[in-house]
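As structure tokens, the structure follows; a few thoughts come after it.
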Amino acid sequence: MILVTGGTGLVGAHLLLQLLQENEAIRAIYRTEENIEKTRQLFADADKQVLFQKIEWIKADLNDIPALENAFTDIRQVYHCAAYVTFDPKEEEILRKTNIEGTANLVNLSIAYQIDKFCHVSSIAALGETIDKNKSIDETANWNPDSYHNDYAISKYGSEIEVWRASQEGLPVIIVNPGVIFGSGFWNQSSGELLNKINQGMPFYTKGTVGIVAVEDVCRIMIQLMNSSIKNQNYVVISENINFQDLLNKLADLLGKKRPNLYASPMVTSLAWRLDYIISLFTAKKRSYSRATAKASHSNSIYDNSKIINTLDYSFIPAADFLQPLCSTYLISH
Ligand SMILES: NC(=O)c1ccc[n+]([C@@H]2O[C@H](COP(=O)([O-])OP(=O)(O)OC[C@H]3O[C@@H](n4cnc5c(N)ncnc54)[C@H](OP(=O)(O)O)[C@@H]3O)[C@@H](O)[C@H]2O)c1
């Protein structure tokens, strides 16, 4: 039997669907019934509803070890997709607790229950950097603790450390490092928020670069790696590097909205995150635009996906082919 964490999120829900389509027996952890409903919507078609009924749901938080242990009976593989995703600096404590301590709990139980293999969903944010800024970043890039890293990146790096530590203790592991993941459903989180902003007519663009990938590719790659004899390796998982302006223009065209036409320079975005900070101080509102988001929007890092392509002889879905159906689905549900 396979255990999936994060099955009520974008990656975990799409992974559940692919695993069930391959006839795997699945157990998934959840925290609230309300969030299981989001996953159910992904299985709305008649043939998929039958698959959804096959999921064995167990209530467990990553930081509740006794509840988590209940989920481990008869498990042979674990896919760890759960994480807390935020760029609000006020949430540093919950990021550390969920992403680092939660992953430690999960790998410790995986060692104790002698499971066969563990797949961890990390991020390109947890990769290091190249000394020569013109070179692309791959799995060998070194993490420099003296460079600026946002709290989310630090928590993803810390969770990887727990997974590598477990591999040293004998747990066979796979780590995937995806770029920004696009997939249907879950419109109010992750990349769904970007579609919402464009749909609302966001006028700003920046000149950074971003690595993007379809959720279907991320899940397919995880399953292929877990079903292979490969272990103790990590892989950059992006389909392509794309300029922010091109991405925003493509999304605006596909959603039938005006293309963003106001360039937000680094000075403008640094004013914007400071203003957002001051507003959050006076209103107790959650931060909607942080220093981390501003910095990321001007980053020109390029990621190298050749290791996964060569290992699995893999062909990624090009951005043009996954953004078009994604935006059509978005428009139907809005
Ligand atoms: N989306 C992206 O663009 C992207 C890019 C690179 C890497 N990643 C990584 O991919 C993974 C999946 O991301 P996603 O986009 O699917 O995230 P998501 O849609 O925000 O889903 C997060 C999942 O984690 C669960 N979770 C959070 N805290 C938990 C806790 N304390 N105990 C148990 N479950 C908890 C959530 O459960 P609830 O429903 O109960 O909240 C939800 O199922 C994460 O590791 C993320 O860092 C994502």
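Note that the structure is predicted; figures quoted are calculated from it, not measured. Whatever order the structure lists ligands and atoms in, that order sets their numbers, starting from 1. All values below come from the heavy atoms of this structure, side chains included, with hydrogens, waters and symmetry mates left out.
- In summary, of the residues considered (N99, N234, N177), a side chain to side chain donor-acceptor pair (under 3.5 Å) with E160 occurs for N177 alone.
- For the pair R291 and Y148, the distance from NZ or CZ to the six-membered ring centre is under 6.0 Å and the angle to the ring normal is within 45 degrees.
- When non-hydrogen atoms are compared, ligand 1 lies under 4.0 Å from the side chain of Y152 (C-beta onward) but not from its backbone.
- Between R31 and ligand 1, at least one pair of N/O atoms sits closer than 3.5 Å.
- Nearest to atom 11 (C) of ligand 1 by heavy-atom distance, out of S159, G7, C81, G183, is C81.
- Annotation: A83 places an N or O atom under 3.5 Å from an N or O atom of ligand 1; distance criterion only.
- The distance criterion of under 3.5 Å between nitrogen or oxygen atoms is met by V11 with respect to ligand 1.
- Checking only distances, G9 does come within under 3.5 Å of ligand 1, N or O to N or O.
- Considering backbone and side-chain N/O atoms, V121 comes within less than 3.5 Å of an N/O atom of ligand 1.
- Contacts of A125 with ligand 1, taken as heavy-atom pairs under 4.0 Å, are absent altogether.
- In this structure, K307 satisfies the cation-pi test against Y235, with its NZ or CZ atom closer than 6.0 Å to the six-membered ring centre and inside 45 degrees of the ring normal.
- The atoms of ligand 1 that sit less than 4.0 Å from any heavy atom of P178 are 6 (C).
- A distance-only check finds no donor-acceptor pair linking the side chain of N243 to the backbone of T209 [under 3.5 Å].
- Considering backbone and side-chain N/O atoms, D61 comes within less than 3.5 Å of an N/O atom of ligand 1.
- Atom numbering of ligand 1 starts at 1 in the shown order; those under 4.0 Å from a heavy atom of A82 are 24 (O), 25 (C), 26 (N), 34 (N), 35 (C).
- Only the side chain of T98 comes within 4.0 Å of ligand 1, counting heavy atoms alone; its backbone N, CA, C and O stay farther away.
- For E240 (side chain) and A319 (main-chain N/O), a donor-acceptor pair under 3.5 Å exists by modelled atom type.
- Under a 3.5 Å cut-off, the side chain of D217 and the backbone N or O of F316 do not form any donor-acceptor pair.
- The closest heavy-atom contact to atom 5 (C) of ligand 1, among the options A13, G179, A67, G185, comes from G179.
- Counting heavy atoms closer than 4.0 Å to ligand 1, residue K38 contributes nothing at all.
- Using a cut-off of 4.0 Å between Lys/Arg side-chain N and Asp/Glu carboxylate O, D116 and R76 are scored as not salt-bridged.
- Heavy-atom contacts of Q189 reach the following atoms of ligand 1: 18 (P), 19 (O), 20 (O) (cutoff under 4.0 Å).
- Considering backbone and side-chain N/O atoms, G12 never comes within less than 3.5 Å of an N/O atom of ligand 1.
- By the 6.0 Å and 45° rule, K38 does not stack over the aromatic ring of F186.
- Among S122, S191, S123, the residue whose heavy atom lies nearest to atom 9 (C) of ligand 1 is S122.
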